Protein chains: 2
Amino acid sequence: MAAGLSRRDELLQIAGELFAKKGFRNTTVRDIADAAGILSGSLYHHFDSKETMVHELLDSFQTQLFLDYDAIESSDLGPRAKLEAVIRRSLEAIDRNHSEVAIFQNDAGYLSDLDGFEYLTARNRRFRDLWTQLLREGIAAGEIRSDLDVELGYRFLRDTVWVAVRWYRPGGPLSGDEVADQYLAILFQGIGIPTTNKES
Amino acid sequence: MAAGLSRRDELLQIAGELFAKKGFRNTTVRDIADAAGILSGSLYHHFDSKETMVHELLDSFQTQLFLDYDAIESSDLGPRAKLEAVIRRSLEAIDRNHSEVAIFQNDAGYLSDLDGFEYLTARNRRFRDLWTQLLREGIAAGEIRSDLDVELGYRFLRDTVWVAVRWYRPGGPLSGDEVADQYLAILFQGIGIPTTNKES
DNA sequence: GTCTATAGACGGATAGAC
DNA sequence: GTCTATCCGTCTATAGAC
């Protein structure tokens, strides 16, 4: 399909799409093999197990994502601008790594209980710390409404951003940037202190 | 556990909690039987199949929910008040029917492909029509920002409301009403035309 | 209403030929 | 790198005793 992909990467991508669409448990190794045009036993020449496949998908995706989060966090932007950047990068992930985000959204609960997937829980905590910290800084800086419950606001933000993976389709009518603009408009005119009162 | 429940209803409740927690596919009939203190074969004295169990849970819940939606729709409230009432009723469902909402959120994609579950898709459409209609009426009445993209706003609303089932726990620190107040504050101060400019 | 016992299908994974 | 062939565990569901 895409050029320059090793057979292994190609199989990973096929598996990722199936995991994302049908769920990890509900995707059989025979499904993956069928989609790749080979037999199920042949998959084990490339991967140790079905779990290895989903691990590689999630880990490489998350590693890159958190590198970018870290860069934003340590930048010299203000709290609200950082929050906006983090949200934009997250929505971008839905565009660029649709399968991985969908798998994480749908199956993280199941996967994080498995041996070898403890990092999912750890990264979840780090994610939470980053976002709540930015909210608190934004409130302290007067850029975010002081009556916002940080815990609830965090969950609201997190969920509204990531749940978009359920309907957003890369290459669909809306570009990732358009969605980000609209989302941020809805979100910040909700939680940001209004600066202008644009009325039709 | 609860009083006045028939054995059948008791088993349904146990199954619902497991489906909600672990997912439908990932919950075995043995899991359900274990939790109920009986053997798996005995379940089939009460139910035809595992699918029957999840069907009964979802159908009876949704029937009641849509009766209430219909009552709100045909009331004499204004569009924004109707939207607010529909959102409150939905958040209330997360409180009162936590298992059913969680099952629907997590497994509707899989279940709606099964024979006998076509009504899930039909109700989804009805739900969408109701919410987008209220948004459009709200815009026409000047109660909701006219630059809101109705389709995107609908998905935003829908997802932010229902996804709360992932973290909200009945009997937890926040009451359903408190969550609803905060959600509506965040939401409407985002998508509603600001009436006052309360600044700290 | 529950248990014993088991049928029958499907799941992940393996060994070795090609 | 893929195929053939197959093991073995788990799953839903059934039949009939108690």
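The shown structure was predicted, so the numbers you read here are calculated from the model rather than taken from an experiment. A, B, ... follow the sequence lines: proteins, then strands. Residue 1 opens every chain.
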Discussion item. Nearest heavy atom decides the nucleotide; on that basis, is A/D48 or A/D31 closer to the 5' end of DNA chain C?
Written reply: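 Comparing both residues, the 5'-ward one is A/D31.
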Salt bridge or not between [X] and [Y]? Use side-chain N to carboxylate O under 4.0 Å.
{"X": "B/R89", "Y": "B/E84", "answer": "no"}
{"X": "A/R88", "Y": "A/D181", "answer": "yes"}
{"X": "B/D113", "Y": "A/K22", "answer": "no"}
{"X": "B/D59", "Y": "B/R123", "answer": "yes"}

So what does [X] hit on the nucleic acid, given a heavy-atom distance under 4.0 Å: a base, only sugar-phosphate, or nothing?
{"X": "B/S6", "value": "nothing"}
{"X": "A/T52", "value": "nothing"}
{"X": "A/L39", "value": "base"}

Fill in: Nearest-Å distance for atom pair CZ/P, residues B/R25 and D/dT10
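B/R25 atom CZ is separated from D/dT10 atom P by 16 Å.
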Item to complete: Return the value, rounded to whole Å, for the distance between atom CE of B/M53 and atom C1' of D/dC11.
Response: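 Whole-Å distance recorded here is 13 Å.
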Worksheet item: Taking the inter-plane angle between the rings of A/Y154 and A/W131 on a 0 to 90° scale, is it parallel (under 30°), tilted (30 to 60°) or perpendicular (over 60°)?
Response: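 Judged by the thresholds at 30° and 60°, the geometry between A/Y154 and A/W131 is perpendicular.
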Worksheet item: Looking at the rings of A/Y69 and A/F127, which for Trp means the six-membered one, are their centres under 6.0 Å apart?
Response: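 Under 6.0 Å, so yes.
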Worksheet item: Along DNA chain C, 5' to 3', what are the outermost nucleotides having an atom less than 4.0 Å from a heavy atom of chain B?
Response: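 Result: C/dG1 to C/dT4.
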Worksheet item: Quick one: on DNA chain D, does A/S42 or A/R30 contact a more 5' nucleotide (nearest heavy atom)?
Response: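 Of the two residues, A/S42 wins.
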